[in-house]
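Taking it in order: structure first as structure tokens, then the write-up.
From a predicted model like this one, the values you see are computed outputs, not experimental measurements.
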Amino acid sequence: MTENETASGAPGTILVDAIGTLVTNDPALGRGPLGEIADAALVIEDGRVAWAGPRDRAPAADARVDAAGRCVLPGFVDSHSHIVFAGDRSREFAARMSGQPYSAGGIRTTVAATRAATDAELLDGARRFVREAHGQGTTTLEVKSGYGLTVADERRSLEVASRVTDEVTFLGAHVVAPEYADDPAAYVDLVTGPMLDACAPHARWVDVFCERGAFDEQASRRVLTAGIERGLLPRVHGNQLGEGPGVRLAVELGAASVDHCTYLTAEDVDALAQAAQRPEPTVATLLPGVDFSTRQPYPNARALVDAGALVALASDCNPGSCFTSSLAFCVAVAVRDMGLTPDEAVWAATRGGARALRREDVGHLAPGARADLTMLDAPNHLYLAYRPGVPQVAAVWKDGGLVSGRP
């Protein structure tokens, strides 16, 4: 258990009662694909969901929380973030809003600041962002390295990340380190050799930025293959700045997720749809906050869903291209500008994120799932898109323990 997790610690069972709408994400429990139950209740025991259903059938419990007609849904599962960093890039954002195009090169600004920061400063920052994410309704958060780009700095970034989450990703192949600007092949040698050796024990995942200005298909394949050989599971940054090989490489190597997917060909969409049928699918993780913050086109989420691809929504919280931790905001943008329905967007930010992390214990509220739940100050989940920009998270539980707000 990481330090940001809260052991339930509560004696006995807790009944969350008088729920206006309970989103379970289990069609066997309720109406539609979200498994909605009106006038519902939920029982927490030992950090897990013990029961969920209509409140007039709820079993007795040792303690009661009155939802007072508000909506309860699974905690958001944010499967893509970069919260271990130092420094500030607000002026870069202002320049971009004035017409300067976004490129991967801005990452190097954060690299310099992160290398100069102490371990304690990096950990304090990561803890602050986890608290912020909890306040936004997020209960599971993936965290990447990628702002160190030396063996020592990547390792310590992962050590910091592992203090705040179990979902830790090695991203030494974020961009080519500045010291290797004239010899990118040598940097790939470093990433796939000494850096990976030092970092693999501290990570679950290996990732690569397969994009112009970062790593081409050949280098990306080397990085992912080397990570797989050391027991890490692959994921990919791909197709953010233009059409490219990222999606097809992710599908070929069985990556859990390919993230961004802003520029897709018909062949890419078809590949993702076919990959969705696998026992371990490749999920298309969309990052609407990035496209909002960089004025890039939005991905065509409607085309992906209609083709049968699995779609997740994540924040990509980072200091350069998307400095938000709010998945509620991402849900609203996905509905307004990416063609998802409110139901689809909420599923993508909860169960979709869990699929992108290959987790079956989060993203839903069926019996046996972790008791990670978010109570909205609203009667149903539609308000996430209906009232964009308005704080609506009343309380958040993780593993059955209250981590933010007050019910």
Side-chain angles (χ1 to χ4, degrees), residues 1-10 14 16 19 23 25 42 44 47-49 65 67 70-85 122-144 160-169 287 289 312-319 322-332 346 348-354 356-357 359 361-365 369-378 381 383-384 389-407:
M1 178 173 291
T2 57
E3 64 184 45
N4 72 298
E5 293 179 310
T6 302
S8 63
I14 301 170
V16 183
I19 300 170
V23 174
N25 277 343
L42 178 145
I44 299 170
R48 298 272 175 167
V49 176
V65 172
R70 291 172 289 184
C71 176
V72 171
L73 68 157
F76 293 127
V77 180
D78 190 347
S79 61
H80 186 132
S81 84
H82 304 254
I83 62 168
V84 179
F85 70 89
L122 294 178
L123 181 58
D124 286 347
R127 286 171 171 162
R128 176 166 57 87
F129 287 117
V130 168
R131 289 194 299 270
E132 181 180 283
H134 284 164
Q136 303 282 345
T138 294
T139 51
T140 300
L141 186 69
E142 181 263 13
V143 179
K144 305 178 191 295
V160 167
S162 67
R163 295 282 299 275
V164 299
T165 185
D166 292 327
E167 297 295 345
V168 178
T169 300
L287 310 170
L313 293 176
S315 73
D316 195 8
C317 183
N318 74 82
C322 182
F323 202 18
T324 183
S325 60
S326 174
L327 275 180
F329 169 75
C330 294
V331 165
V346 167
T350 51
R351 198 66 185 265
L357 293 174
R359 294 280 295 271
D361 59 334
V362 297
H364 64 109
L365 295 176
R370 287 179 181 264
D372 292 359
L373 50 144
T374 293
M375 180 183 291
L376 300 180
D377 192 14
H381 63 283
Y383 274 62
L384 291 168
V390 177
Q392 297 185 72
V393 175
V396 180
W397 290 260
K398 182 172 177 60
D399 292 326
L402 189 69
V403 295
S404 185
R406 184 175 299 178

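Separating the CE atom in M375 from the SG atom in C71 is a distance of 9.5 Å, to the nearest 0.5 Å. Rounding to the nearest 0.5 Å places CD of E132 at 9.5 Å from CD1 of I83. Residue S325 holds its OG atom at 11.0 Å from NE2 of H134, rounded to the nearest 0.5 Å.
A heavy-atom distance below 4.5 Å is not found between the side chains of R370 and K398. Contact of the V362 side chain with the L357 side chain is not registered, since no non-hydrogen atoms from C-beta on lie closer than 4.5 Å. Put simply, the side chain of L373 reaches to within 4.5 Å of the side chain of I44, judged on heavy atoms. Here the side chains of P407 and L402 are in contact, with some heavy-atom distance below 4.5 Å. A 4.5 Å side-chain heavy-atom check between T165 and V130 finds every atom pair outside the cut-off. Between R48 and D361 there is a side-chain heavy-atom pair separated by less than 4.5 Å. Contact annotation: the side chain of R70 approaches that of D377 to within less than 4.5 Å [non-hydrogen atoms, C-beta and beyond]. Counting heavy atoms from C-beta outward, V72 and L365 have side chains that approach closer than 4.5 Å.
Checking side-chain atoms of D78 against main-chain N and O of S315 turns up a donor-acceptor pair under 3.5 Å. Counting only distance, with no hydrogens or angles, the side chain of T374 and the backbone of L73 share no donor-acceptor pair below 3.5 Å. With S404 contributing its side chain and V396 its backbone, the two residues share no donor-acceptor pair below 3.5 Å. The main-chain N or O of H82 is never found under 3.5 Å from a side-chain atom of N318 such that the two would form a donor-acceptor pair. The closest donor-acceptor contact from the side chain of Q392 to the backbone of A378 lies at 3.5 Å or more, if one exists at all.
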Working for side-chain contact (heavy atoms from CB on, under 4.5 Å), residues V393 and Q136: CA-CA 6 Å; V393 175; Q136 303 282 345; 5.6 Å; no
CA sep, side-chain torsions, deciding dist, call: R163, L123, side-chain contact (heavy atoms from CB on, under 4.5 Å): CA-CA 8 Å; R163 295 282 299 275; L123 181 58; 3.7 Å; yes
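Residues A332 and L384 share a closest heavy-atom pair of CB-O, 3.7 Å. Closest heavy-atom contact between T138 and L327: OG1-CD1, 3.9 Å. Nearest heavy-atom pair, F85 versus P319, reported as atom, atom and distance to 0.1 Å: CE1-CB, 3.5 Å. W397 approaches T139 most closely through the heavy-atom pair O-CG2, 3.5 Å. In terms of heavy atoms, G353 sits closest to S79 at O-CB, 3.9 Å. Across every non-hydrogen atom of C330 and G289, the tightest pair is SG-N, 4.2 Å.
With hydrogens and angles left out, the side-chain atoms of T169 and E142 include a donor and acceptor closer than 3.5 Å.
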